[in-house]
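These notes are about the structure you will find just below.
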Amino acid sequence: MKSLISLVFVMFCSVANAQKVFSTQYANQAEVKVFVVKYENQADLKVFKVKYENQAGDNNGKWFFTQYSNQAKTKIFFVDYENQADIKIYFVAYENQAGWRNNEKKYLLY
């Protein structure tokens, strides 16, 4: 019984921090390189920045930016050119607009 509870707890914790990201200063520190596009239809992922850590989603585009790299699940770097990026994102104004447009790149943020 204890092992089952422990397993559920570990699974919950790994899901709960899936969209906590840290923006690195240098490209070689990042796991994923990101480019911000001008138009929604150019994006692989539409991102909504949440205010609180507990609002971060499960790889659904709701991002919480952490203050320190060790608090984040994924380290990202914002590149200057589209061809340098692993994924292209577009920041949306409303939470319900967030989500993947290109599911083939979803694995990058797991």
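- Residues satisfying the salt bridge (charged side-chain N to carboxylate O under 4.0 Å, His left out) criterion with D44, sequence neighbours excluded, are K105.
- No donor-acceptor pair under 3.5 Å is formed between the side chain of Q84 and the backbone N or O of V79.
- Interatomic distance, CD of Q67 versus OG of S23, reported as 13.0 Å (0.5 Å rounding).
- When side chains are defined from C-beta on, R101 does not count as touching L45, because their heavy atoms never get closer than 4.5 Å.
- At a threshold of 4.5 Å between side-chain heavy atoms, the hydrophobic network of Ile, Leu, Val, Met, Phe, Trp and Tyr places Y107 and I89 in one connected group.
- The line from OH of Y90 to NZ of K46 is 10.0 Å long, rounded to the nearest 0.5 Å.
- Linking ILVMFWY residues whenever their side-chain heavy atoms come closer than 4.5 Å, directly or via other members, places L108 and I76 in the same cluster.
- Atom CG of residue N83 and atom NZ of residue K33 lie 11.5 Å apart, to the nearest 0.5 angstrom.
- Residues V47 and L109 share a hydrophobic cluster, clusters being chains of Ile/Leu/Val/Met/Phe/Trp/Tyr side chains in contact below 4.5 Å.
- The aromatic rings of F91 and F78 lie tilted to each other, with the angle between the two planes from 30° to 60°.
- Listed for the E31 side chain is a donor-acceptor partner under 3.5 Å among the backbone atoms of K75.
- How far OG of S69 is from CD of Q25: 12.0 Å, rounded to the nearest 0.5 Å.
- Inter-residue side-chain proximity for I87 and V32 is flagged as met; some heavy-atom pair is nearer than 4.5 Å.
- The shortest distance between side-chain heavy atoms of Q19 and K73 does not fall below 4.5 Å.
- The shortest distance between side-chain heavy atoms of V50 and F65 does not fall below 4.5 Å.
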Residue pair N60, W100: steps toward the side-chain hydrogen bond (donor to acceptor under 3.5 Å, both in side chains) verdict: CA-CA 7 Å; N60 61 0; W100 284 95; over 6 Å; no
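- Residues V34 and F77 have side chains not in contact (no heavy-atom distance under 4.5 Å, counting atoms from C-beta outward).
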